[in-house]
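Right, one structure below, let's go through it.
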Amino acid sequence: PSIIDELPVVAVIASQADSPTTVCGAEELRVKESDRINAVCLNLSNMGCEIIEKQDGFIINPGSRLHHTNIRTFGDHRIAMAFTMAGYITPERNILDDEECIDISFPEFNSILKSILK
C-alpha cells in the first residue's frame, strides 16, 4: 500500500523485465484519480505489452518490444508521467491526450526529465 501511487511506473518498468510480474491487492488503484488498473492495462496493451487485467491488479508478461502510441491519461497525472517515461523506451515518444494534468503534482516533471536524458 505504501507504493500504490508508484504502481503505474512500476508497471512500465515491469514490461521490460525478464519474467512475469504480478500485482495483486491493489484494488485501491481503481478509485484514485482514475481507474489506474484499467489505464495501465489499456495503455501498456496499446504499446504492445501482454498484460492481463485483474480486479485487484494485473499480470505483465514481458517479451514484446514496446512501440509508441496515443496514450489515454484519463486526466490522471500519475498515468501521464508513467507513460511519458514509457515513451523513452520506444523509438518515438508517446502522444498523451492530456499532458498538462502532470502539473497537478509535478509541474517541473518534463523539464527535469529532459535535463536528465540529454
Side-chain angles (χ1 to χ4, degrees):
S2 64
I3 66 159
I4 201 83
D5 288 332
E6 287 74 22
L7 284 176
V9 77
V10 168
V12 169
I13 294 165
S15 75
Q16 302 303 294
D18 292 330
S19 59
T21 299
T22 300
V23 170
C24 58
E27 53 275 333
E28 182 182 341
L29 285 175
R30 295 235 184 241
V31 294
K32 295 301 241 173
E33 286 82 348
S34 70
D35 179 343
R36 290 183 180 160
I37 291 174
N38 178 260
V40 164
C41 292
L42 173 77
N43 287 311
L44 273 179
S45 178
N46 287 344
M47 291 185 75
C49 180
E50 182 184 328
I51 186 166
I52 301 165
E53 183 172 343
K54 301 289 199 173
Q55 183 57 36
D56 68 339
F58 43 82
I59 301 168
I60 295 173
N61 293 306
S64 300
R65 183 176 167 97
L66 296 185
H67 55 81
H68 75 282
T69 192
N70 294 324
I71 299 296
R72 290 189 55 199
T73 64
F74 300 91
D76 188 323
H77 55 124
R78 304 256 184 216
I79 298 300
M81 288 187 284
F83 285 93
T84 295
M85 295 178 72
Y88 282 95
I89 56 177
T90 65
E92 295 181 46
R93 305 292 77 84
N94 285 325
I95 300 168
L96 280 62
D97 65 355
D98 182 6
E99 190 172 332
E100 293 173 3
C101 68
I102 293 171
D103 293 345
I104 292 168
S105 64
F106 196 174
E108 306 85 10
F109 174 78
N110 282 312
S111 62
I112 290 172
L113 188 59
K114 287 176 186 171
S115 73
I116 292 170
L117 298 172
K118 282 186 177 179

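The first residue of the sequence shown is numbered 1, and numbering continues consecutively from there. A quick note: this is a predicted structure, and the numbers were derived from the prediction, not measured.
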To the nearest 0.5 Å, what is the distance between [atom1] on [X] and [atom2] on [Y]?
{"X": "T21", "Y": "I51", "atom1": "OG1", "atom2": "CD1", "result": "9.5 Å"}
{"X": "E33", "Y": "I79", "atom1": "CD", "atom2": "CD1", "result": "9.5 Å"}
{"X": "S15", "Y": "R65", "atom1": "OG", "atom2": "CZ", "result": "12.0 Å"}
{"X": "E99", "Y": "M81", "atom1": "CD", "atom2": "CE", "result": "11.5 Å"}
{"X": "H68", "Y": "N94", "atom1": "NE2", "atom2": "CG", "result": "7.5 Å"}
{"X": "F109", "Y": "I102", "atom1": "CZ", "atom2": "CD1", "result": "5.5 Å"}

Checklist entry - Tell me, do I71 and I95 make a side-chain contact under 4.5 Å, heavy atoms counted? => result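 Not touching, per the 4.5 Å side-chain cut-off.
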Checklist entry - Side-chain contact, heavy-atom cut-off 4.5 Å: I4 with K32? => result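 Side chain of I4 against side chain of K32, heavy atoms only: contact under 4.5 Å found.
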Item to check | Check: T73 main-chain N/O paired with D97 side-chain donor or acceptor under 3.5 Å | outcome: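 Between the backbone of T73 and the side chain of D97 there is a qualifying donor-acceptor contact (under 3.5 Å).
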Item to check | Side-chain donor/acceptor of D98 to backbone N/O of F74, under 3.5 Å | outcome: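 Between the backbone of F74 and the side chain of D98 there is no qualifying donor-acceptor contact (under 3.5 Å).
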Hphob cluster co-occupancy, [X] + [Y], side-chain heavy atoms under 4.5 angstrom:
{"X": "V9", "Y": "I37", "answer": "no"}
{"X": "I3", "Y": "L44", "answer": "yes"}
{"X": "L117", "Y": "F106", "answer": "yes"}

Checklist entry - In terms of side-chain geometry, is the basic nitrogen of D76 or R36 positioned less than 4.0 Å from the acidic oxygen of its partner? => result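 Yes, D76 and R36 are salt-bridged.
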Checklist entry - Mind checking who shares a hydrophobic cluster with I13, ILVMFWY linked at side-chain heavy-atom distances under 4.5 Å? => result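 Once heavy-atom contacts under 4.5 Å are chained together, I13 still belongs with nothing else.
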Name each donor-acceptor pair under 3.5 Å that joins a side chain in residues 84-92 to protein atoms two or more places apart or in another chain, with its distance.
{"residue": "T84", "atom": "OG1", "partner": "A80", "partner atom": "O", "Å": "2.7"}
{"residue": "T90", "atom": "OG1", "partner": "G87", "partner atom": "O", "Å": "2.9"}
{"residue": "T90", "atom": "OG1", "partner": "E92", "partner atom": "O", "Å": "2.3"}

Mind listing the side-chain donor-acceptor pairs of residues 53-63 below 3.5 Å, one per line with the distance, residues two or more places apart or on another chain?
{"residue": "E53", "atom": "OE1", "partner": "N38", "partner atom": "ND2", "Å": "3.4"}
{"residue": "E53", "atom": "OE2", "partner": "R30", "partner atom": "NH1", "Å": "3.0"}
{"residue": "E53", "atom": "OE2", "partner": "R30", "partner atom": "NH2", "Å": "3.1"}
{"residue": "D56", "atom": "OD2", "partner": "G25", "partner atom": "N", "Å": "2.8"}
{"residue": "N61", "atom": "ND2", "partner": "E50", "partner atom": "OE2", "Å": "3.0"}

Item to check | Shortest non-hydrogen separation from H77 to S105 and the atoms involved | outcome: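 Looking at all heavy atoms of both residues, the closest pair is ND1-OG, 2.6 Å.
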Next on the checklist: If you compare all heavy atoms of L66 against all heavy atoms of G48, which two are closest, and at what distance to 0.1 Å?
Outcome noted: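 Closest pair (atom of L66, atom of G48, distance): CD2-C, 4.2 Å.
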Next on the checklist: Please determine whether the number of non-hydrogen atoms from other residues, nucleotides or ligands lying under 6.0 Å from atom CD of Q16 exceeds 12.
Outcome noted: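 Yes, the 6.0 Å shell around CD holds more than 12 heavy atoms from other groups.
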Next on the checklist: Please determine whether side chain to side chain contact (heavy atoms under 4.5 Å, CB included) holds for the pair V40 and L7, giving the CA-CA distance in whole Å, both sets of side-chain angles, and the decisive distance to 0.1 Å.
Outcome noted: CA-CA 9 Å; V40 164; L7 284 176; over 6 Å; no
